[in-house]
Asker: 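Just passing along the structure, written as structure tokens.
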Amino acid sequence: MYKELKFQKVISTIAILQERIKERFPEAGIYRVCEELHATATSAEVQIASLSKPNPWIRAGVISTFIIFVILLGFTLSIATWEYKTPKLTDLIQITEALINDALLVGAALFFLITFEKRVKRRTVINALHQLRSIAHVVDMHQLTKDPAMIDNARDQTESSPQRTMTEFELQRYLDYCSEMFSLISKIAAMYSEKIPEPEIIAAASDIESLCTGLCQKVWQKLVFLDNTN
């Protein structure tokens, strides 16, 4: 029961976080980012459920292509002219080389057809993981200017300094929300690798987890600074 992530639990956690952010920072951009994360998680659940099942359209296309290939091969052999004579050594070498080349080409074509569905699904998941990576960077951009050292230091700001109107408590909550979002992004990525455990997908999901951990460390440093100033 507790050996795998449950998508509904992850989605409900994001929904609750979204409401928490809305109640405290309804006009903040981080609320819109969390809203986008919730939509992404919801679509990811549907996408993973779809990718976990065989795609009948792709399989029908592959089977149809294979049947057409067999028919064309049979037709070619049926109209070919066969002459039986004792072949020379050079002829045997040429025939063997041609058969090997044809066998390699046919094998490559069959491999392409057989793995086509898997490659389409893998590319879809990789694109989805790229989207999660982009959301992580967007969250990082929102916390970038939230500097706890600048609280109550309005005199040190310049005309180009970002507007810092949060209290110490509000800043702490804001950074906590960012930290939670990084964790939830990692969980969605882990769901992809858990349900579709292919090496490339596992590697991409692990990269996102490492990215979120690294970005989250910057948030934790700010939270530690706030805690030490109390």
Side-chain angles (χ1 to χ4, degrees), residues 2 4-48 125 127-154 156-157 160-195 204-230:
Y2 297 102
E4 62 178 13
L5 291 168
K6 301 295 183 182
F7 232 121
Q8 282 302 319
K9 295 292 185 181
V10 175
I11 293 175
S12 63
T13 301
I14 297 174
I16 294 172
L17 176 60
Q18 181 182 342
E19 289 302 313
R20 290 164 54 203
I21 297 175
K22 182 179 180 180
E23 291 168 358
R24 199 173 297 279
F25 304 109
E27 303 299 327
I30 196 69
Y31 166 66
R32 302 301 175 190
V33 179
C34 191
E35 190 175 42
E36 181 67 25
L37 179 61
H38 182 262
T40 301
T42 303
S43 62
E45 180 187 24
V46 177
Q47 187 179 61
I48 289 178
V125 174
N127 290 335
L129 292 175
H130 282 323
Q131 185 179 11
L132 285 174
R133 184 180 291 105
S134 297
I135 294 176
H137 283 295
V138 172
V139 175
D140 183 54
M141 285 297 298
H142 278 80
Q143 70 85 30
L144 193 62
T145 58
K146 305 302 184 291
D147 188 356
M150 296 303 296
I151 295 178
D152 299 328
N153 288 332
D156 296 329
Q157 299 187 24
S160 300
S161 296
Q163 295 295 321
R164 296 184 173 93
T165 59
M166 292 184 186
T167 64
E168 184 176 320
F169 174 77
E170 289 175 334
L171 181 57
Q172 185 179 35
R173 300 310 306 139
Y174 190 99
L175 294 174
D176 278 336
Y177 296 151
C178 291
S179 176
E180 290 182 47
M181 288 181 67
F182 284 132
S183 178
L184 290 167
I185 290 171
S186 297
K187 297 301 177 287
I188 299 174
M191 291 293 293
Y192 276 106
S193 63
E194 184 179 276
K195 300 300 182 181
S206 297
D207 288 343
I208 292 178
E209 292 184 60
S210 298
L211 170 67
C212 289
T213 299
L215 296 176
C216 205
Q217 285 178 350
K218 297 193 295 184
V219 176
W220 293 337
Q221 289 173 357
K222 294 181 179 181
L223 289 170
V224 169
F225 181 89
L226 280 172
D227 186 60
N228 290 336
T229 56
N230 292 334

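No experiment lies behind these values; they were computed from the predicted model shown.
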Asker: Rounded to the nearest 0.5 Å, what's the gap from CG on Leu132 to CG on Asn127? Could you check?
Answerer: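 These two atoms lie 11.5 Å from each other.
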Asker: Identify the heavy atoms of Cys178 and Ile30 that sit nearest to each other, and give their distance.
Answerer: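 Shortest heavy-atom contact: SG-CD1, 3.9 Å.
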Asker: For Phe7 and Ala44, which heavy atoms make the closest approach, and how far apart are they?
Answerer: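 For Phe7 versus Ala44, the nearest heavy atoms are CZ-CB, 3.7 Å.
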Asker: With sequence neighbours excluded, tell me which residues meet ring pair (Phe, Tyr, Trp, His ring centres under 6.0 Å) with Tyr174.
Answerer: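 Testing Tyr174 for ring pair (Phe, Tyr, Trp, His ring centres under 6.0 Å), a comparison that skips the adjacent residues, returns Phe25.
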Asker: Return all side-chain donor-acceptor pairs below 3.5 angstrom for residues 204-211, not counting sequence neighbours, or 'none' if the list is empty.
Answerer:
unit_1: Ser206; atom_1: OG; unit_2: Ile202; atom_2: O; d: 2.9
unit_1: Ser210; atom_1: OG; unit_2: Ser206; atom_2: O; d: 3.1

Asker: What verdict does the salt bridge (charged side-chain N to carboxylate O under 4.0 Å, His left out) test give for Glu35 and Arg32, after you've listed the backbone C-alpha separation in whole Å, the side-chain angles of each residue and the deciding distance to 0.1 Å?
Answerer: CA-CA 5 Å; Glu35 190 175 42; Arg32 302 301 175 190; 3.5 Å; yes
Asker: Are Val139 and Leu215 close enough that some pair of their side-chain heavy atoms sits under 4.5 Å apart?
Answerer: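 They are not in side-chain contact.
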Asker: Any idea which heavy atoms bring Thr40 and Ile135 closest together, and the distance?
Answerer: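 Here Thr40 and Ile135 meet closest at OG1-CD1, 3.6 Å.
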Asker: Could you check if a side-chain atom of Arg24 sits within less than 4.5 angstrom of a side-chain atom of Tyr177, using non-hydrogen atoms only?
Answerer: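 Side chain of Arg24 against side chain of Tyr177, heavy atoms only: contact under 4.5 Å found.
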Asker: How long is the span from the CE atom in Met191 to the NZ atom in Lys6, to the nearest 0.5 Å?
Answerer: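 It comes to 8.5 Å.
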Asker: Which pair of non-hydrogen atoms, one from Tyr192 and one from Gln47, has the smallest distance, and what is that distance?
Answerer: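 Heavy-atom minimum between the residues: OH-OE1, 2.7 Å.
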Asker: From Thr42 OG1 over to Leu37 CG, what is the distance, rounded to the nearest 0.5 angstrom?
Answerer: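 Here the interatomic distance stands at 9.0 Å.
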Asker: Starting at CD of Glu180, measure out to CD1 of Ile14 and round the result to the nearest 0.5 Å.
Answerer: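 So the CD of Glu180 and the CD1 of Ile14 are separated by 11.0 Å.
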Asker: Is there side-chain contact between Gln131 and Glu36, with at least one heavy-atom pair below 4.5 Å?
Answerer: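 Yes. Closest side-chain heavy atoms under 4.5 Å.
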Asker: Donor-acceptor pairs are to be reported for all side-chain atoms of residues 216-223 against protein atoms at under 3.5 Å, with residues two or more places apart or in another chain.
Answerer:
unit_1: Lys218; atom_1: NZ; unit_2: Asp140; atom_2: OD1; d: 3.1
unit_1: Lys218; atom_1: NZ; unit_2: Asp140; atom_2: OD2; d: 3.2
unit_1: Trp220; atom_1: NE1; unit_2: Ser179; atom_2: OG; d: 3.2
unit_1: Lys222; atom_1: NZ; unit_2: Gln143; atom_2: O; d: 2.7
unit_1: Lys222; atom_1: NZ; unit_2: Gln143; atom_2: OE1; d: 2.9
unit_1: Lys222; atom_1: NZ; unit_2: Leu144; atom_2: O; d: 3.4
unit_1: Lys222; atom_1: NZ; unit_2: Lys146; atom_2: O; d: 3.1

Asker: How long is the gap from CG on Leu171 to CG on Asp176, to the nearest 0.5 Å?
Answerer: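 Leu171 atom CG to Asp176 atom CG measures 9.5 Å (nearest 0.5 Å).
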Asker: Do Gln172 and Glu168 make a side-chain contact, defined as non-hydrogen atoms from C-beta onward lying under 4.5 Å apart?
Answerer: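 In short, these two side chains do not touch, never coming nearer than 4.5 Å.
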Asker: For Val33, which of Met141, His142, His38 qualifies under side chain to side chain contact (heavy atoms under 4.5 Å, CB included)?
Answerer: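 Checked Met141, His142, His38 against Val33; only one passes side chain to side chain contact (heavy atoms under 4.5 Å, CB included): His142.
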Asker: With the side chain counted from C-beta on, respond yes when Arg20 and Arg173 share a heavy-atom pair under 4.5 Å apart, and no when they do not.
Answerer: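 Counting from C-beta outward, Arg20 and Arg173 do come under 4.5 Å.
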Asker: Which heavy-atom pair separates Ile188 from Ala41 by the least distance, and what is that distance?
Answerer: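 So the two residues come closest at CD1-CB, 3.6 Å.
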Asker: To the nearest 0.5 Å, what is the distance between SG (Cys212) and NE2 (His137)?
Answerer: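 Between Cys212 SG and His137 NE2, I get 8.5 Å after rounding to 0.5 Å.
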